[in-house]
Amino acid sequence: MRQYLNENGFLDIETPFLTRSTPEGARDYLVPSRANPGQFYALPQSPQLFKQLLMIAGFDRYYQIVRCFRDEDLRADRQPEFTQIDLEMSFVTEDDVMAVAEGMMARIFDQVQGCSLALPFPRLTYAEAMDRFGLDKPDTRFGLELKDVSDIMKTSGFKVFAEAVAKGGIVKALNAKGCIDFTRKEIDDLAALVSVYRAKGLAWIKVREDQWQSPIAKFFSEAEKAELTRRLEMQPGDLVFFVADSARIVNDALGNLRNHLGDRLGLVDDAAFNFLWVTEFPMFEYDETEKRYQALHHPFTAPLEADLDKLEADPLGLRSRAYDLVLNGSEVGGGSIRIHQRDVQERVFKALGMAPESYEEKFGFMLSALDSGAPPHGGIAFGFDRLTMILCGQPSIRDVIAFPKTQKAACLLTNAPSEAAQAQLDELSIRVRRLAPES
RNA sequence: GGGGGCGUAGCUCAGUUUGGUUAGAGCGCCGGCCUGUCACGCCGGAGGUCGCGAGUUCGAGUCUCGUCGCUCCCGCCA
């Protein structure tokens with residue numbers, strides 16, 4: 001990686017770990033400042049602003065293999081401290097960043113796996129990924145694609161489907177080819193699986209030679225059946241699943257069901273490395289709890305030029321110049337072309353519900369840097385641990401991290417975290433509140 | 001914050017459903033044999049508070065309750 005990046009004119013530059021907390025994004029790890037009682041540093045979630053400032057300062061190709069910190073709950077592929085291969089380039093477009101990323105992946109896979117990757121990697125827009133796979137990180141090692149059947153179902157006699165469409169939701173289907181022998185219990189178990197993603201049910205049709213065996217088939221007209229058969233390519237022996245709800249729930253449920261079935265039916269080639277770019281992510285999503293828009297990627301991502309007028313008019317319809325690198329259904333990298341104009345950056349902050357005083361206080365240094373003639377720039381960061389995990393064929397990120405944290409973010413070796421001595425706390429002007437033993 | 005799984009020898013695990021004498025296997029370890037295959041073979045051996053604590057029972061690895069830990073998932077992860 002270093003060789004590749006050095007050869008391509010990238011300069012390795014370190015950025016601070018003791019930095020300031022930023023409002024957007026994951027929960028920060030805070031570090032108390034002894035010299036400034038009552039004040040705290042935050043460990044960086046990524047060197048995002050620093051690398052942008054480096055671009056503005058004239059370093060046109062930067063990289064860093066850097067530890068990042070996010071205080072969120074752990075998963076099989078998530079540690080609270082993790083390593084990114086972080087890079088940024090000036091005067092570039094998506095294509096330039098992707099080409100560098102592809103070249104680096106090709107080098108890594110050639111040297112580590114001895115396999116040559118086909119370049120360039122396929123690209124899929126976010127909209128198409130969601131439509132066909134239900135997830136923004138589709139595993140393209142197998143088929144089983146989802147099909148939207150909302151238009152057929154909106155007038156059907158099956159009220160659950162028709163009403164879901166009437167309320168602005170969708171109905172999608174997944175044809176599990178040849179799975180007609182699934183037992184009632186197995187189907188019930190799959191229904192339980194999708195209920196985790198808030199799907200209220202899992203409808204199904206077993207396609208027999210002469211008829212459909214299904215709790216819902218009786219609600220469909222002959223015309224509807226014919227159209228379903230055509231669109232879902234239904235053949236005798238097939239088992240077709242349906243979920244109706246909001247688009248978010250339907251995609252989440254069927255997308256995860258698809259991955260489950262792909263694995264269970266042995267459709268996944270373990271030796272394959274399927275890379276895929278997902279592009280044109282939405283700029284914002286709506287946070288129901290906080291009642292405001294949130295950046296899907298981060299607030300410094302440039303909106304798609306063609307959508308710029310939606311920034312105020314239709315924030316949810318606004319697409320961004322963000323891209324993710326997906327490998328075998330796992331997000332292994334993500335980046336974007338950044339905002340390099342102050343007025344656009346301010347409009348984005350405002351769309352996020354931040355008042356000028358607020359963003360001036362938190363990001364004033366960034367805004368004034370943009371004022372000083374920022375070049376168009378963009379970059380990407382790869383999850384090094386996650387990439388290594390996949391390269392090693394391991395199911396857990398802990399398998400490739402020395403001294404990993406447990407799921408409760410503890411280190412069993414050193415017994416960290418631990419209580420601090422009173423003298424240390426005194427120096428830091430920190431008073432610890434004891435939790436009540438029972439509550 | 002919520003739901004599930006697991007905790008038995010140094011390691012990986014079986015045994016728990018239907019409670020019953022000395023709790024098993026593979027690998028590893030120790031000793032011996034073999035000795036032109038010191039990552040082979042043969043023989044023998046050491047090694048376990050069955051996570052912890054209560055309870056039920058004549059009797060608990062097995063059942064009940066509690067507790068601790070690990071783990072997977074949902075939420076969360078700009």
Next on the checklist: Can you confirm whether the side chains of A:Asn175 and A:Asp238 place a donor and an acceptor under 3.5 Å from each other?
Outcome noted: yes
Checklist entry - If you check every side-chain atom of A:Val196, which of B:rC73, B:rC76, B:rC70 has the closest atom? => result B:rC73
Item to check | Between B:rC70 (P) and A:Leu413 (CG): distance, integer Å | outcome: 14 Å
Checklist entry - With rounding to whole Å, what would you report as the distance between B:rG2 and B:rU8 at their C1' atoms? => result 30 Å
Checklist entry - Under 4.0 angstrom, heavy atoms only, what part of the nucleic acid is A:Leu412 near: base, sugar-phosphate, or nothing? => result sugar-phosphate
Checklist entry - Can you tell me how far P of B:rC76 sits from CD of A:Gln294, to the nearest Å? => result 9 Å
Checklist outcome for this item: A:Pro299 and A:Val348 have their tightest heavy-atom pair at O-CG1, 3.5 Å
Checklist entry - Roughly how many Å is it from CZ in A:Arg198 to P in B:rC74, rounded to a whole number? => result 10 Å
Checklist entry - Would A:Phe161 and A:Phe158 count as a close aromatic pair, with their ring centres under 6.0 Å? => result yes
Checklist entry - When the nearest nucleotide of RNA chain B is assigned to A:Glu72 and to A:Pro395 on a heavy-atom basis, which residue is associated with the more 5' position? => result A:Pro395
Item to check | Length of the line joining A:Asp287:CG and B:rG75:C1', which is rounded to integer Å | outcome: 12 Å
Checklist entry - NA contact type, A:Ser46, heavy-atom cut-off 4.0 Å: base, sugar-phosphate, or nothing? => result base
Checklist entry - Across all strands, who's sitting opposite B:rC70 as a Watson-Crick or G-U wobble pair, both distances under 3.5 Å? => result B:rG5
Next on the checklist: Partner lookup for B:rA23, please. Criteria are Watson-Crick or G-U wobble with both distances under 3.5 angstrom; report none if nothing qualifies.
Outcome noted: none
Item to check | Note, A:Leu352 side chain near A:Arg292 side chain (heavy atom, < 4.5 Å) | outcome: yes
Checklist outcome for this item: Taken to the nearest whole Å, CG/A:Asp73 to C1'/B:rG3 is 14 Å
Next on the checklist: Between B:rC76 and A:Arg78, counting only base atoms on the nucleotide and side-chain atoms on the residue, is there a donor-acceptor pair under 3.5 Å?
Outcome noted: yes
Next on the checklist: Taking the P atom in each of B:rG20 and B:rU37, what is the distance between them to the nearest angstrom?
Outcome noted: 48 Å
Next on the checklist: Using whole Å, what does the distance between atom C1' of nucleotide B:rC77 and atom CD of A:Glu24 come to?
Outcome noted: 14 Å
Next on the checklist: With nearest nucleotide decided by heavy atoms, which residue, A:Ser396 or A:Thr22, maps closer to the 5′ end of RNA chain B?
Outcome noted: A:Ser396
Next on the checklist: Base, sugar-phosphate or nothing for A:Arg75? Non-hydrogen atoms, less than 4.0 Å.
Outcome noted: base
Next on the checklist: Is the phosphate of B:rU71 approached by A:Arg398 (side-chain N or O, under 4.0 Å from OP1 or OP2)?
Outcome noted: yes
Next on the checklist: Suppose you measure atom C1' in B:rG7 against the same atom in B:rU56; what distance do you get, rounded to whole Å?
Outcome noted: 23 Å
Checklist entry - When rounded to the nearest Å, what value does the distance between P atoms of B:rC34 and B:rG48 take? => result 32 Å
Checklist entry - According to the Watson-Crick and G-U wobble definitions, with both distances under 3.5 Å, which nucleotide is paired to B:rG53? => result B:rC65
Checklist entry - In whole angstrom, what separates A:Tyr197's OH from B:rG4's C1'? => result 13 Å
Next on the checklist: If I pick the P atom on B:rG61 and the same atom on B:rC52, what distance separates them, to the nearest angstrom?
Outcome noted: 11 Å
Checklist entry - Distance between the C1' atoms of B:rU62 and B:rG24, in whole angstroms? => result 15 Å
Checklist entry - Which one is paired to B:rG75, where only Watson-Crick or G-U wobble pairs with both distances under 3.5 angstrom count? => result none
Item to check | Non-neighbouring partners of A:Tyr29 that pass ring-ring contact (aromatic ring centres under 6.0 Å, His included), sequence neighbours left out | outcome: none
Checklist outcome for this item: When rounded to whole Å, the CZ to C1' distance for the pair A:Phe281 and B:rC77 reads 14 Å
Checklist entry - Taking a pair as Watson-Crick or G-U wobble with both distances under 3.5 Å, which nucleotide is matched to B:rU35? => result none
Item to check | Taking every non-hydrogen atom, the tightest pair across A:Thr19 and A:Phe50 | outcome: OG1-CZ, 3.4 Å
Next on the checklist: Taking B:rG44 as the reference, what is the distance to B:rU18 when you measure between their P atoms (whole Å, please)?
Outcome noted: 38 Å
Checklist entry - If you measure from the C1' atom in B:rG47 to the same atom in B:rA9, how many Å do you get, rounded? => result 6 Å
Checklist entry - Would you call A:Glu280 and A:Arg319 a salt bridge, using N to O less than 4.0 angstrom? => result yes
